[in-house]
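Working notes, structure below.
Letters go in sequence order (proteins before strands), and every chain restarts at 1.
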Protein chains: 4
Amino acid sequence: MDILSAAEHVFGRKGYYKATMQDIARQAQYATGTVYLYFKDKETLYFSLVEEKMRDLLALIKERTAAVRDAQEKLKIYLEEKLDFFEKNQDFFRIFILENGAAQASIDSRIATSALAKEYLACISEIMRLAQKQKLVRADMDPSQGAGIFRSISNAVIMDWLKKNMQQTLSLRQMSRFILDIFLGGARPSDETK
Amino acid sequence: MDILSAAEHVFGRKGYYKATMQDIARQAQYATGTVYLYFKDKETLYFSLVEEKMRDLLALIKERTAAVRDAQEKLKIYLEEKLDFFEKNQDFFRIFILENGAAQASIDSRIATSALAKEYLACISEIMRLAQKQKLVRADMDPSQGAGIFRSISNAVIMDWLKKNMQQTLSLRQMSRFILDIFLGGARPSDETK
Amino acid sequence: MDILSAAEHVFGRKGYYKATMQDIARQAQYATGTVYLYFKDKETLYFSLVEEKMRDLLALIKERTAAVRDAQEKLKIYLEEKLDFFEKNQDFFRIFILENGAAQASIDSRIATSALAKEYLACISEIMRLAQKQKLVRADMDPSQGAGIFRSISNAVIMDWLKKNMQQTLSLRQMSRFILDIFLGGARPSDETK
Amino acid sequence: MDILSAAEHVFGRKGYYKATMQDIARQAQYATGTVYLYFKDKETLYFSLVEEKMRDLLALIKERTAAVRDAQEKLKIYLEEKLDFFEKNQDFFRIFILENGAAQASIDSRIATSALAKEYLACISEIMRLAQKQKLVRADMDPSQGAGIFRSISNAVIMDWLKKNMQQTLSLRQMSRFILDIFLGGARPSDETK
DNA sequence: AATGAATGAGCATTCATTCAT
DNA sequence: GATGAATGAATGCTCATTCAT
């Protein structure tokens, strides 16, 4: 098993601080020192893991959303990719939701200021801007704030799914319709159900 | 300064792991050992802090929302109290958003399974249920999931406010209208702007 | 046993790098962490030890040499105090001879640039200058270089004494006459012995 | 670049402990393991380096001093060769002055008890003995002690030169006259200046 | 001969926790 | 109740050394 996978496993289960480099090395079936051949220190290992996953996810999203013009379709695709991704990378999800800035100073700021994080945010904000242009989303909302809200809602739903659906009989991807409904239309009953 | 306030100050600024018991004792103007007279260990101190604040917030919310019957009004009041509370307890906010389960396993589960947390969730879920009865909120949404989404959206907005409004010229409470709009009506343009 | 004495013992026997903080703690009959209550880190402990000893020696030398006016007498007293001091602090001598700059960069420069080291050097240079004024020492010699040579000769003799006189039947102090003779008159036979 | 030269470079700049075998291998443009084909371990590499240089220097000194009979001339030649040698091998000088026994026990004693070191000392002591026979040096001085003092004085001067003459506009060899003056005649003003 | 990835013992340092006063 | 010096287990990280290729 490669080191990043081992790190994902351990960080995901124990969190950054409780995870030890020895845990990770053991999980990767390496000696302690070997981990340091590939990653300068614990923080860098963590950072690299976040970057790798973020890069993968971003690549997927960019590729898939580029194919369509319609903002609502883009949002839907983005959401589906994200849900798929987190269904496959549940260990990583625990890490990723900290991205919002709740974890530790030095690492978080390193992540937040990384080119990739900015690109990720820019990509979602871009979709939001397009949605505004296409009158799908209200104009009086800052695109990056819109992106934050969209992410929050989806994270909340993913979290809920993780808790209630431990056996995972239900695919996370199926929640995309619901999330999009909520984001666009809110919690109020739609007209036809009134 | 009492120990819980000191803990709030230090945990809020450094996070659970970087905060040391000595930091907290120093901040409280007590000797290290004294902290242990009141709290069995670090985890318990953290847990007690979260509980105390949650109790305060919950009491406020219960008291204020009990006075009205209308679900939308209840939601508005809940939101305003929460925003006020976090504006006054910004140190605590950083702690509270971790409540979602992204921090370290043992404490998080202790918090999540605490009677108070359940009561808090129940209180919000109850409001959701009422909102469904009053046709304010769509029926096909699990009340606790609705509560999660509502909390996520407000947390996202608070976070945004914290970042962009460091000088705090704008009161957080003023965001309640916007949050409620988003939660109920979603991001789609309202009819009149169509 | 206090920590500085333990450090002197261990550093003197093992040298800076081979000495471990655990060695020192054990020697001082403390737990590892206790050493860190008093000294920030290993380097600081080492530095503090050197400073303490240097301060003691310098105080002795200043006090005793202040009492006389004659440069040759001053040199003799300086030498006797130094020899006495190193006879009593043999562990420390191994450390002190590194003072010349042969040890490790960060520590050495910290020592070399310390106020105390400068004062020590200034004190000896001052005596040299006086010796030049009193025609005891040739004028075409930089005082600090003279000090360096004087120190070198005495260090060489101390080292020799340490090697050949392990049983220490001979007092080191008795070498002062010889060292002074060599420094002032050189190795050439004196007139009367020609 | 051969391994010993690389070792000289690295040891001279970083000192024994801070120098790593990887540093040395990199400098020698070899893989880490290759160094171990030629040298059993780090200590042996260090030791071999010291021996090689000492052998070179000793060979030079022996060859050049054998040509003359006069003790003073021998001392002068010895000194000039040594100064030349260290001017060419400044990295090595930092290593060599530790030879005095201030570094780490195991290696130092290995060096001190090596046949070569003994031969080196014997060679200088022999010159001292001859100097005594020729009445150049006082009889009441142990030859090996005399050698130690002579070496100390020259080391002090070289050290001084290294510090003050970083730009190296002044050749070190030119200091030989001064060193010999000091060693033989001491610091006292010469008769003509009285 | 040469490689360099892998090893793992070893060390500096931290910090939650205890307990004699 | 209060203290704060002392503890020592735990952890990140280094680096000399090995060995399969």
- Query: Quantified in whole Å, what is the P atom distance between nucleotide E:dA1 and nucleotide F:dT21?
  - Reply: 22 Å
Atom [atom1] of [X] and atom [atom2] of [N]: how far apart are they, to the nearest Å?
X	N	atom1	atom2	value
D:Lys42	F:dT17	NZ	P	8 Å
C:Lys18	E:dG10	NZ	C1'	13 Å
D:Gln29	E:dG4	CD	P	12 Å
D:Gln22	F:dT18	CD	P	14 Å
C:Tyr17	F:dA16	OH	C1'	16 Å
B:Leu45	E:dC15	CG	P	16 Å
A:Tyr30	F:dT14	OH	P	19 Å
C:Asp23	E:dC11	CG	P	8 Å

Side chain of [X] only, heavy atoms from C-beta on: which candidate in [options] is closest?
X	options	answer
D:Met21	F:dG8, F:dT17, E:dA12	F:dT17
C:Thr34	F:dA2, F:dT7, F:dT17	F:dT7
D:Thr32	E:dT13, E:dA5, F:dC13	E:dA5
D:Leu37	F:dG12, E:dA1, E:dT13	E:dA1
C:Tyr36	F:dG12, E:dT14, F:dG8	E:dT14

- Query: Is the C:Tyr16 ring parallel, tilted or perpendicular to the C:Phe11 ring (thresholds 30°, 60°)?
  - Reply: parallel
- Query: Where each residue is assigned the nucleotide of DNA chain E containing its nearest heavy atom, which of B:Lys40 and A:Gly33 is assigned the position nearer the 5′ end?
  - Reply: A:Gly33
- Query: How do A:Ala31 and B:Glu43 order along DNA chain E: which one's closest nucleotide is nearer the 5' end?
  - Reply: A:Ala31
Looking at every strand, decide which applies to [X] at a 4.0 Å heavy-atom threshold: base, sugar-phosphate, or nothing.
X	value
D:Ala19	sugar-phosphate
B:Thr20	sugar-phosphate
B:Tyr38	sugar-phosphate

- Using the test ring-ring contact (aromatic ring centres under 6.0 Å, His included), find all partners of B:Phe92 that sit at least two apart in sequence or belong to another chain. B:Phe96
- Item | Strand partner of F:dA20, provided both Watson-Crick or wobble distances fall under 3.5 Å | E:dT3
- For F:dC13, what is the paired nucleotide under Watson-Crick or G-U wobble rules, both distances under 3.5 Å? E:dG10
- With A:Glu8, which of A:Arg13, A:Gln27, A:Lys53 fulfils side chain to side chain donor-acceptor pair (under 3.5 Å)? A:Lys53
- Message: Consider side chain to side chain contact (heavy atoms under 4.5 Å, CB included). Of B:Leu57, B:Asp56, B:Val50, which one does B:Met54 pass it with?
- Response: B:Val50
- Message: Using salt bridge (Lys or Arg N to Asp or Glu O under 4.0 Å), reason through A:Asp23 and A:Arg26 one step at a time and then give a plain yes or no.
- Response: CA-CA 5 Å; A:Asp23 286 339; A:Arg26 199 177 310 117; 3.5 Å; yes
- Message: When you compare the side chain of D:Asn155 with that of D:Phe93, does any pair of heavy atoms fall below 4.5 Å?
- Response: yes
